[in-house]
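The structure under discussion appears below in the form of structure tokens.
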Number of protein chains: 2
Amino acid sequence: MDNKLPTIKEIAKRLNVSVSTVSRALADHPRIGLRTKTRVQELAKELNYEPNAQAIFFKQRKTFVIGVILPYIREEFFSQAISGIEKAAMEHEYTILFGQSFDDPEREKKVVETMKKQRVDGLIISLSKQTQNYEHLQALEKFGIPVVYFDRVPPFEHAHKVYCNLFKGTVDMVNWLFGRGYKRIAIINGPEKLPATKERLNGYIEGFSKKKLKVDMQLVENTDLSKESTYRAVKSLLASKNPPTAIISFNDYVHMDAVQYAQQQNIQINKDLVFVSYANLPITSYTAHPPLVSIEQYPYGQGEKAMEIMISILNDKIEGKTGQQVVYYNEEMPATLVLNQQSLL
Amino acid sequence: MDNKLPTIKEIAKRLNVSVSTVSRALADHPRIGLRTKTRVQELAKELNYEPNAQAIFFKQRKTFVIGVILPYIREEFFSQAISGIEKAAMEHEYTILFGQSFDDPEREKKVVETMKKQRVDGLIISLSKQTQNYEHLQALEKFGIPVVYFDRVPPFEHAHKVYCNLFKGTVDMVNWLFGRGYKRIAIINGPEKLPATKERLNGYIEGFSKKKLKVDMQLVENTDLSKESTYRAVKSLLASKNPPTAIISFNDYVHMDAVQYAQQQNIQINKDLVFVSYANLPITSYTAHPPLVSIEQYPYGQGEKAMEIMISILNDKIEGKTGQQVVYYNEEMPATLVLNQQSLL
DNA sequence: TAAATCTGCGCAATCGTTTGTCCAAGGTAA
DNA sequence: TTACCTTGGACAAACGATTGCGCAGATTTA
């Protein structure tokens with residue numbers, strides 16, 4: 001259990017040469033004589049020498065570590081996203097420092113702080129639901145640590161981001177439903193302050209506008225994403241004088257809760273009332289009633305893209321683009337309508 | 001714009017004092033005068049100074065980073081586990097370097113290598129299904145980097161591990177089924193080489209032995225965990241002359257596939273044939289037919305425990321237990337039978 | 001009054017590695 | 001013979017922070 005890792009110094013002392021000679025010999029520098037070079041390289045191999053990356057990174061002021069902060073890794077969307085991030089990272093020899101915000105801005109701030117301390121080369125983040133204040137993140141950029149947002153992105157322009165255009169996706173969704181003959185289309189939207197919520201709402205309204213129809217606000221409900229809140233929303237929709245024939249849920253989790261409640265009310269799911277949703281989690285295919293149609297948001301692709309952007313930024317920085325105007329990457333990914341195979345039965 | 005992060009040096013220069021004074025002032029050292037102290041602390045706050053952990057850790061030869069390698073983060077079991085790991089890590093100011101093996105030993109090896117280069121203080125790992133060779137991990141320990149295994153642990157004694165006793169859990173499960181009057185109890189087990197598979201099988205056999213019964217090997221099937229393989233296993237069971245009245249699935253994913261197939265064969269799930277399983281993923285409560293009973297394996301608890309053990313090991317090392325005999329932590333967690341609420345309907 | 005103590009802070013080494021600069025010895029050309 | 005390369009390697013600074021030690025000047029004590 002000899003935990004002293006061999007260093008360049010150790011080798012130098014043993015061979016009675018200077019550390020710089022050892023360093024150069026190991027790097028195959030032309031200024032070192034062949035004899036010395038082989039002596040050094042042989043001893044290095046014998047001692048199982050490995051350069052201390054910590055020391056090198058410290059000197060280079062670079063860690064090859066990217067911080068990744070997600071709301072909840074247990075959500076399949078994010079676990080897929082991190083896999084995309086990891087894939088791109090691995091391809092470029094970067095590593096991932098991981099943290100969750102649990103949708104708590106305080107916690108998010110703390111994790112950001114930790115990552116700053118660890119001197120990550122960059123930060124990829126999907127914001128917590130409650131985050132309204134972006135100072136802790138903008139501060140990072142001021143210090144030269146680039147931040148790439150994905151999926152849950154901030155509302156301002158001057159930031160690198162990757163996201164799905166859920167406005168368009170929602171318009172398509174509404175269109176599709178109209179096309180299938182559904183007229184009373186309700187939406188159970190997310191927390192009102194969330195940009196993602198506004199995007200869906202706007203798409204929803206736009207979908208109606210295209211048909212020269214006005215939205216009946218009785219068909220618009222919100223949930224704080226808890227099961228209870230979703231139950232309440234469905235209850236309210238079902239109790240309306242002219243109840244919906246289709247329900248768009250904020251995401252697959254809301255969808256599942258909504259279906260659960262409707263089922264308790266003895267409603268024939270996807271017959272009396274059809275359910276459609278966002279996210280298209282593979283896991284829904286195992287549920288009793290998957291959404292008839294889902295808007296795929298490509299979490300893996302978003303993650304991958306976010307990391308690729310990060311790497312571009314870091315490379316640009318090395319090539320000294322200082323002084324030039326900062327360009328913000330803004331990657332809009334398609335949001336595709338996906339028909340559930342099972343539902344076709 | 002591209003301001004470098006403030007350093008202790010920068011503060012020293014601005015206030016015209018030495019770096020050591022700044023360092024001590026920030027650490028609230030008693031030998032620094034109150035006036036100097038406040039001047040330093042105020043400027044530090046103003047500049048948003050954060051100590052460079054890289055530098056400190058480099059000097060201390062410690063990173064406060066723990067590598068975590070999981071097979072698939074998208075499995076809820078592991079995403080819960082990492083949350084437990086993260087919680088314990090945060091409490092002790094450790095951070096997590098994340099990697100997935102995707103159940104590929106080659107990939108696992110590569111990730112281990114990366115973590116070694118990054119000089120993690122320790123490694124927490126749940127082995128890939130295929131891992132048979134442990135050299136890359138034992139080498140880490142030789143370098144003084146402790147390894148804690150959880151859930152999917154290696155078969156040898158001299159390793160720190162956290163796991164559930166699925167042998168006992170399976171015995172309990174079989175007992176419970178007998179108690180409910182089920183006599184033809186089948187099991188769809190995992191890949192034969194997996195220790196977890198053997199454990200389940202032994203528990204299954206023991207459960208029968210306790211009732212002075214012999215196992216009918218026709219009731220024992222294996223799956224490689226793919227949907228197709230599971231389908232095949234169920235098909236084989238259903239085709240038997242004396243088909244089972246209860247099926248124990250290797251885990252909830254196998255369970256879901258098994259149920260899906262049985263359903264396609266027009267079997268009344270949990271009536272004609274009851275299904276029970278391991279893992280107890282919350283997500284199953286949304287499925288059409290959750291397992292009647294699940295063996296809870298406490299992924300969060302396992303992760304938390306693994307990190308706590310890691311921290312104990314690291315603390316022991318600091319306190320210089322060198323020379324003493326190495327003690328291997330071996331934490332066996334209970335595997336509890338959980339009755340599904342929904343199934344009671 | 002001199003010695004001892006205290007107060008407040010600076011100097012420099014250290015961690016492992018890279019890299020610019022310098023230096024000595026030997027060889028070569030004019 | 002002298003000035004000038006070439007070769008092979010040593011020296012030292014630097015990255016950011018910590019910390020033992022030293023050293024003034026002020027204050028207290030004997």
key: Distance under 6.0 Å and angle within 45° of ring axis: B:Lys45 vs B:Tyr49   = no

query = Does a nitrogen or oxygen in the side chain of B:Lys9 sit under 4.0 Å from OP1 or OP2 of D:dC15?
reply = yes

ask   = Do B:Thr63 and B:Gln118 have a side chain donor and acceptor closer than 3.5 Å?
value = no

request  = Whole angstrom is fine here: how far is it from CZ in A:Phe58 over to C1' in D:dA13?
outcome  = 13 Å

inquiry  = Looking at A:Ser20 and D:dC11, is any side-chain donor or acceptor paired with a base atom of the opposite kind under 3.5 Å?
reply    = yes

ask   = Does OP1 or OP2 of D:dG8 have a side-chain N or O of A:Thr21 closer than 4.0 Å?
value = no

ask   = Who pairs with A:Tyr298 by ring-ring contact (aromatic ring centres under 6.0 Å, His included), at least two apart in sequence or on another chain?
value = none

remark   = Whole-Å distance, A:Ile56 CD1 to D:dG16 P, equals 17 Å

request  = May I have the distance from A:Glu10 (atom CD) to C:dG16 (atom C1'), rounded to whole angstrom?
outcome  = 13 Å

query = With sequence neighbours left out, what residues match A:Gln130 under side-chain contact (heavy atoms from CB on, under 4.5 Å)?
reply = A:Pro105, A:Ser128

task = Can you tell me the distance, in whole Å, between the CD1 atom of B:Ile32 and the C1' atom of D:dA17?
result = 15 Å

Show every donor-acceptor pair shorter than 3.5 Å between a side-chain atom in residues 77-88 of chain B and any protein atom, with sequence neighbours excluded, or say none if there are none.
unit_1: B:Ser79; atom_1: OG; unit_2: B:Glu76; atom_2: O; d: 3.1
unit_1: B:Ser83; atom_1: OG; unit_2: A:Gln100; atom_2: NE2; d: 3.0
unit_1: B:Ser83; atom_1: OG; unit_2: B:Ser79; atom_2: O; d: 3.1
unit_1: B:Glu86; atom_1: OE1; unit_2: A:Gln100; atom_2: NE2; d: 2.9
unit_1: B:Glu86; atom_1: OE2; unit_2: A:Gln100; atom_2: N; d: 2.9
unit_1: B:Glu86; atom_1: OE2; unit_2: A:Arg107; atom_2: NH2; d: 3.2
unit_1: B:Lys87; atom_1: NZ; unit_2: B:Glu304; atom_2: OE2; d: 2.7

message = Is the phosphate of D:dG16 approached by B:Tyr49 (side-chain N or O, under 4.0 Å from OP1 or OP2)?
response = no

ask   = Between A:Asn52 (CG) and C:dT14 (P), how many Å, whole number?
value = 18 Å

Phosphate OP1/OP2 of C:dG16: any B:Arg61 side-chain N/O under 4.0 Å = yes

key: Contact nearer the 5' end of DNA chain C, comparing A:Pro51 with B:Ser18   = B:Ser18

key: Partners passing side-chain hydrogen bond (donor to acceptor under 3.5 Å, both in side chains) against A:Asn330 (at least two apart in sequence or in another chain)   = A:Tyr163

task = Using the test side-chain contact (heavy atoms from CB on, under 4.5 Å), find all partners of A:Arg14 that sit at least two apart in sequence or belong to another chain.
result = A:Glu10, A:Leu43, A:Leu47

Euclidean distance, atom CZ of residue B:Phe57 to atom C1' of D:dC15 [Å, nearest integer] = 16 Å

message = Can you measure B:Ile11 atom CD1 to D:dT18 atom C1' for me and round it to whole angstrom units?
response = 15 Å

query = Between B:Arg35 and A:Ala55, which has a closest nucleotide on DNA chain C that is more 5'?
reply = B:Arg35

message = At a heavy-atom distance below 4.0 Å, what parts of residues 22-31 of chain A sit against DNA chain D?
response = A:Arg24, A:Arg31

query = Taking NZ from B:Lys59 and P from C:dA12, how many angstroms apart are they, rounded to a whole number?
reply = 16 Å

